[in-house]
Amino acid sequence: MRLQYKGMFVVLHLLVILFVCVSLLTGLAISTVSRDDWLMADFILPQGRVHQIHLYSGMGILTVTILYGVLRSQFRQRILNQGFHIALKYLAYIAMLSLCLSGVFAYLGYTDGVIGRLLSEWHYISAITLMVFFILHGVILFLQRGLLVLKQVFNKQALLVGYEFFVFLIVVSFVVKIYFDAELTHEITVLELESQQAINIDGFAEESFWHDAEEAIVFTHGGANFLNGRTAVSIKAATNDKESYFLFRWFDNSESLLHLPLQKEVDGWRVLGAGFSTFNETAYYEDKFAVMLSTTCEFGADGTALVGRNPLSNRPSNWHGKGYHASLDGRIRDLWHWKAVRTNSMLQADDNYFGPPLSVRLGERRYTAGYQVDGKESGAYVMNWQWYNPKYIQPKRLPSNPKVAITSPLAWFQAQPYRTDIDHYPVGTRLPSVLLRSNQFEGDRGDVRARGVWQDNYWTLEMARKNNTGSEKDVMLQDEVCMWVSAFDHAQVAHTRHNRPLRLNYPSEGLLQ
């Protein structure tokens, strides 16, 4: 019997080493998205689709921790038998338990407000504490027993006796995985509307049916500039036999409408920015909101979130070190990208998608992996400079009216081509950087109608799209489709995120056309 328990102890010991190491490395890799300090260690951190690995290693830690707690009284190991060692051991127990609890709460969506921030810090500190313990534990044991430690950990006889226990652990792990998969999504019922219901996509949500629609709250985290990087997003949905309508509302204490403004300097014009040269602007940028839709509901943005500076080995590295989005299974994930300056005046969201990684194009400065735009027949916005340089640029056009609003896009036909002889603007003048070629996108890229209004520290955003656009770049809006949302507070890429998707429950299949 003693040998059997020794076998269980060895199996648990090896598994906890494996799970904790994998969880720590993948967790630190994920943390680089919002904790820039760890970017300096990205060369030793895993890259790519690490969210799923982190989730499953966390399940493994939780399973092993519970079993160790149940069987601990049967383990008579006396490796740490001095006062300091005993204190170190119990510190590790506390860190392991807090890591599991905070991880479970974060997975379940408790990421908002003070509690969410404390849970996040608790999880992070527990992980760092456990990493320090592993290092100290290994060093102390090696100094005490030398290579005999390896013989004890990799005890062949004990492992042979413990193989049945290992099989039992595998079965338990699958049960835990099934439970977590079943709990993977939030759900929201899409309200059924009559076809003749009048709906204005104006950002005011004055239609009476919005009061009757079910509300789901998704707690998002990890974004730049938001209070503690977090904001809760309220979501409502309705549909008729042609279209679906969505109402989003989130806290943002500033209406950010400065998108990389141009400023006149003594030596010429320059683009104001605090990170745009690495495509990670977090100061002079507009507020944005993104919605991703997929027919599957996997962890890590349905498997499209690729963490790291170079998560695609045969593609270019990204400039900011935070990763890419791409579909590695060949399927399309629909992406609606609303922008407070560039698309709000169009009454649209930019209809995009995540697809397979793009091929590299010669001379392209920014590689976007799987982030791509739908096709269009006409309509566009462009940046008001010829070639970007972090020091000085030459504008494409100057406004015909010198009192143009800095927070609004500049219409192409309300401006004239840049010439030095008409550039009489005084030093310090600011101009918009966004040029609108036409009023709206036409074609596939213009499928999503949208309008956002900021009031009393909240954005209210209404969006609408046909249930079935017929486009291969769009996901059909129907029952069981999963949704993810992200908010941007004057940030280019540093958006909020959430772990579990929102599953849409449509009233009937026959409603959709």
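Just so it is clear, the structure is predicted and the values come from calculations on it, not from any experiment. FYI, side chains are in, hydrogens and waters are out, and symmetry mates aren't considered; it's all heavy atoms of this structure.
S120 contributes no side-chain N or O that, together with a main-chain N or O of R117, makes up a donor-acceptor pair within less than 3.5 Å. A side-chain donor-acceptor contact under 3.5 Å links R315 to the backbone of L358. At least one donor-acceptor pair under 3.5 Å links the side chain of Q492 to the backbone N or O of N280. Checking side-chain atoms of N384 against main-chain N and O of K396 turns up a donor-acceptor pair under 3.5 Å. S254 places no side-chain N or O within donor-acceptor distance of the main-chain N or O of S256, the cut-off being under 3.5 Å. Here the side chain of K376 pairs no donor or acceptor atom with the backbone of F441 at under 3.5 angstrom. A donor-acceptor pair under 3.5 Å links the side-chain atoms of N225 to the main chain of D489, judged by distance alone. Between the W319 side chain and the R365 main chain, a donor and an acceptor come within less than 3.5 Å of each other. Panel note: side chain D474, backbone Y353; no donor-acceptor pair is recorded below 3.5 Å. Put simply, the side chain of S486 gets close to the backbone of T496: a donor and an acceptor are under 3.5 Å apart.
Here M483 contributes atom CE and L504 contributes atom CG; the two are 5.0 Å apart, rounded to the nearest 0.5 Å. In this structure, L257 CG and I406 CD1 are separated by 11.0 Å, a value rounded to the nearest 0.5 Å. Rounded to the nearest 0.5 angstrom, E286 CD and E281 CD are separated by 11.5 Å. T129 OG1 to F133 CZ: the interatomic distance, rounded to the nearest 0.5 Å, is 11.5 Å. From R497, atom CZ reaches atom CZ of R230 across 11.0 Å, with rounding to the nearest 0.5 Å. Annotation: the span from M59 atom CE to T63 atom OG1 amounts to 8.5 Å, rounded to 0.5 Å.
Remark: aromatic rings of F276 and Y388 are close, center separation under 6.0 Å. The aromatic ring centres of Y285 and H259 sit less than 6.0 Å apart. For F219 and H186, the distance between ring centers is not under 6.0 angstrom.
By the 4.0 Å N-to-carboxylate-O rule, R35 lies close enough to E121 to be salt-bridged with it. A salt bridge links R331 to D302: at least one charged side-chain nitrogen sits closer than 4.0 Å to a carboxylate oxygen. K322 and D36 are joined by a salt bridge, as a carboxylate oxygen and a charged side-chain nitrogen come within less than 4.0 angstrom of each other.
Looking only at side-chain heavy atoms (C-beta outward), N318 and P311 come within less than 4.5 Å of each other. Looking at heavy atoms from C-beta onward, L191 lies out of side-chain contact with P507 at the 4.5 angstrom threshold. Side-chain contact between F226 and D252: present, with at least one pair of heavy atoms (C-beta onward) separated by less than 4.5 Å. M346 has its side chain out of reach of N344: every pair of non-hydrogen atoms, C-beta onward, lies at least 4.5 Å apart. Looking only at side-chain heavy atoms (C-beta outward), M383 and V434 come within less than 4.5 Å of each other. Under the 4.5 Å side-chain criterion, counting only non-hydrogen atoms from C-beta, E462 is in contact with E207. The closest side-chain heavy-atom distance from L502 to I235 is below 4.5 Å. Side-chain contact between F248 and F289 is present, with at least one heavy-atom pair separated by less than 4.5 Å.
Remark: the S244 side chain and the Y506 side chain contain an N/O donor-acceptor pair separated by less than 3.5 Å. When only modelled atom types and interatomic distance are considered, T460 and R249 share a side-chain donor-acceptor pair under 3.5 Å. Looking at S327 and D329, their side chains do bring a donor and an acceptor atom within 3.5 Å of each other. Looking at E480 and Q478, their side chains never bring a donor and an acceptor atom within 3.5 Å of each other. Checked by atom type, the side-chain pair Y381/D350 shows a donor-acceptor distance below 3.5 Å.
L25 and P46 make their closest contact through O-CD, 3.5 Å (heavy atoms, listed as atom of the first residue, atom of the second, distance). Contact record, E215 with S234: OE2-OG, 2.5 Å, taken as the closest heavy-atom pair. A pairwise comparison of heavy atoms in A224 and A491 identifies CB-CB, 4.2 Å as the closest pair. The two atoms that bring M463 and V448 nearest to each other are CE-CG1, 3.9 Å, heavy atoms only. In this structure, P395 and Q386 approach most closely via the heavy-atom pair O-NE2, 4.3 Å. Minimum interatomic distance between A405 and P432 (heavy atoms only, all atoms of both residues): O-CG, 3.4 Å.
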List the steps and the verdict of side chain to side chain contact (heavy atoms under 4.5 Å, CB included) for N200 and E206.
CA-CA 8 Å; N200 292 321; E206 295 174 337; over 6 Å; no
Assess whether ring pair (Phe, Tyr, Trp, His ring centres under 6.0 Å) is satisfied between F105 and W122, documenting all intermediate values.
CA-CA 11 Å; F105 279 117; W122 184 15; 7.5 Å; no
Trace of the side chain to side chain contact (heavy atoms under 4.5 Å, CB included) decision for W459 with E255
CA-CA 8 Å; W459 276 107; E255 182 186 22; 3.8 Å; yes
Quick one: do K473 and D374 satisfy salt bridge (Lys or Arg N to Asp or Glu O under 4.0 Å)? Show the steps, please.
CA-CA 7 Å; K473 300 298 191 300; D374 290 15; over 6 Å; no
Stepwise side chain to side chain contact (heavy atoms under 4.5 Å, CB included) test for R445 and Q348
CA-CA 9 Å; R445 192 173 173 182; Q348 291 178 318; over 6 Å; no
Can T407 and L258 be said to form a side chain to side chain contact (heavy atoms under 4.5 Å, CB included), step by step?
CA-CA 6 Å; T407 57; L258 286 180; 4.3 Å; yes
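Within 6.0 Å of CZ on R361 lie no more than 12 heavy atoms contributed by other residues, nucleotides or ligands. Annotation for E364: atom CD counts as buried by contact number, over 12 foreign heavy atoms lying within 6.0 Å. Heavy atoms from other residues, nucleotides or ligands lying under 6.0 Å from CZ of F204 number 12 at most. Atom CZ of F251 sits in a crowded spot, with more than 12 heavy atoms from other residues, nucleotides or ligands closer than 6.0 Å.
Tested against E243, the residues K466, R449, R465 include a single salt bridge (Lys or Arg N to Asp or Glu O under 4.0 Å) partner, R449. Exactly one of V291, I201, L477 qualifies for a side-chain contact (heavy atoms from CB on, under 4.5 Å) with F246. That residue is L477. Of the options Y371, W484, F354, a ring-ring contact (aromatic ring centres under 6.0 Å, His included) to H325 is made by F354 and by none of the others.
Classification of the F209-Y245 ring pair by plane angle, with boundaries at 30° and 60°, yields tilted.
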